Amino acid sequence: MIAIIDYGVGNLFSLVSSLKYIGQEAEVTADEATLTRADKLILPGVGAFEDASARLRTTKLDQLVIREAARGKPILGICLGMQMLFEKSLEFGTHEGLGLLRGVIAPIPSDAEHKIPHMGWNALQFKGEKSPLFKYIDEGDHVYFVHSYHAVDCENSVIATTEYGMNVTAAVAQGNVFGAQFHPEKSGTVGLNILRAFAEM
C-alpha cells in the first residue's frame, strides 16, 4: 500500500486517483501506525514552505518521515514535498527542511521571457545514469510544473533537470528517497508511468 501523508496541505484527490488508475492501493492518512505499515510513502505539498514545514512538525510527521527514510522505505516528495526533503529553504526567510537531501531551496530568477511562477509543460533532461524512477519514460518527455522556487547546491542527487532560462532541478534521488518538482499526477501518461515506476520499487 502507498500512503500519502496527510498534514493538511490541500486536495489530494488527483494523486489518489492517479495511483488507483495504475492499480495501486492508496490511502491519504496522518495515522502513524498506517504510515509505518505502508510499503511506500508520498510526501505531497502545495503553498508556502514555512507553513507546510510547520504543519509537518506540529503533527510530528517530520520525525516519522525521517525515521522511515532511515529504515529504507521508498519515499517520494512531490513539488513542495520534494523541497521539504532538503536542508533549508530561502522562501520568505530561512526555514529548516527535513535534511534528507543536501541542498537549498532558492527563488527561480525571472526575466522578460521567463515569468514566475514557472507554470506549464517542460521537457525532462536526464542527468547521469537513468534513474529507476524513469524506467517507463524517455528523455525529452514533458511534465507539468507549478513553482517559484527550486533546489540548488544539490548536484549529487539531481537525476533530471528542465530548461527555464537556466537548468532547473526537476527531480532528485538518493537511495530510497526521491523527489519530483513537477506534478506526476497532473502530467498525463508520462506522470502515470513515473508513479508506476515508484510503486514497483
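Quantities reported herein were computed from a predicted structural model and do not represent experimental measurements.
Between L43 and L61 there is no side-chain heavy-atom pair separated by less than 4.5 Å. Side-chain atoms of S53 and E96, non-hydrogen and from C-beta on, never get closer than 4.5 Å to each other. Side-chain atoms of F178 and I75, non-hydrogen and from C-beta on, never get closer than 4.5 Å to each other. Between I5 and L35 there is a side-chain heavy-atom pair separated by less than 4.5 Å. Proximity of T169 to C154: side-chain heavy atoms (C-beta onward) are separated by under 4.5 Å at one or more points.
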Original post:
Can V168 and T161 be said to form a side chain to side chain contact (heavy atoms under 4.5 Å, CB included), step by step?
Top reply: CA-CA 5 Å; V168 173; T161 61; over 6 Å; no
Subject >> side chain to side chain contact (heavy atoms under 4.5 Å, CB included) between F86 and V172, intermediate numbers included >> reply: CA-CA 10 Å; F86 287 92; V172 292; 3.9 Å; yes
Original post:
Is there a side chain to side chain contact (heavy atoms under 4.5 Å, CB included) between R71 and T36 once you walk through the steps?
Top reply: CA-CA 10 Å; R71 291 178 58 204; T36 301; 3.5 Å; yes
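A salt bridge between K135 and E200 is present, with a side-chain N of the basic residue lying under 4.0 Å from a carboxylate O of the acidic one. Under 4.0 Å is where a charged nitrogen must lie from a carboxylate oxygen, and between K20 and E27 no such pair does.
In summary, the aromatic rings of F145 and H118 are positioned with their centroids under 6.0 Å apart. If you look at F49 and Y149, their ring centroids are not closer than 6.0 Å.
Linking Ile, Leu, Val, Met, Phe, Trp and Tyr residues whenever their side-chain heavy atoms come within less than 4.5 Å leaves V152 and I108 in two separate clusters. Linking ILVMFWY residues whenever their side-chain heavy atoms come closer than 4.5 Å, directly or via other members, places I66 and M82 in the same cluster. Put simply, F92 and L56 are part of the same group of oily side chains (I, L, V, M, F, W, Y) that touch within less than 4.5 Å, one to the next. M1 and V16 fall into different hydrophobic clusters, where Ile, Leu, Val, Met, Phe, Trp and Tyr are joined by side-chain heavy atoms under 4.5 Å apart, directly or via other members. Following chains of ILVMFWY side-chain contacts shorter than 4.5 Å, one cannot reach L12 starting from V146, and the two form parts of different hydrophobic clusters.
The minimum heavy-atom distance linking K127 with V158 is given by the pair CD-O, 3.7 Å. The heavy-atom pair separating A199 from I2 by the smallest distance is CB-CD1, 3.9 Å. Here the shortest heavy-atom pairing between L64 and E32 reads CD1-CG, 3.4 Å. Of all the heavy atoms in L101 and S157, the pair that sits closest is CD2-CB, 4.4 Å. Y7 and P44 get closest at one heavy-atom pair: OH-O, 2.6 Å. Residues T162 and A123 come closest through the heavy atom pair OG1-O, 2.7 Å.
In terms of modelled atom types and a separation under 3.5 Å, the side chain of N122 and the main chain of Y144 share no donor-acceptor contact. A donor-acceptor pair is defined here as one N or O able to donate and one able to accept, closer than 3.5 Å; no such pair exists between the side chain of T29 and the backbone of T34. Judged by distance alone, with hydrogens and angles left aside, the side-chain atoms of E87 form a donor-acceptor pair with the main-chain N or O of G103 at under 3.5 Å. A distance-only check finds a donor-acceptor pair linking the side chain of D141 to the backbone of D138 [under 3.5 Å]. Looking only at distances, no side-chain donor or acceptor of T94 sits under 3.5 Å from a matching main-chain atom of L90.
Interatomic distance, L100 CG to N176 CG, rounded to the nearest 0.5 Å: 9.0 Å. Put simply, CZ on F198 and CD1 on I22 are 10.5 Å apart, with the number rounded to the nearest 0.5 Å. Going from atom NZ of K88 over to atom CG of L98 covers 15.5 Å, rounded to the nearest 0.5 Å. How far OG of S18 is from NE2 of H183: 11.5 Å, rounded to the nearest 0.5 Å. If you take CZ on R67 and NZ on K73, they are separated by 8.0 Å, rounding to the nearest 0.5 Å. Taking CZ of F182 as the reference point, atom OG of S187 lies at 6.5 Å (rounded to 0.5 Å).
At most 12 heavy atoms of other shown residues, nucleotides or ligands fall within 6.0 angstrom of atom CZ in R102. Atom NZ of K130 is surrounded by more than 12 heavy atoms from other residues, nucleotides or ligands within 6.0 Å. Counting heavy atoms of neighbouring residues, nucleotides and ligands inside a 6.0 Å radius, atom CG of D31 exceeds 12 of them.
Q181 and Q83 are linked by a side-chain donor-acceptor pair at a separation below 3.5 angstrom, with hydrogens and angles left out of the test.
The side chain to side chain contact (heavy atoms under 4.5 Å, CB included) test with P184 is passed by exactly one of L192, L195, V143, I42: L195. Remark: of the listed residues H150, H114, H147, H114 is the sole one forming a ring-ring contact (aromatic ring centres under 6.0 Å, His included) with Y164.
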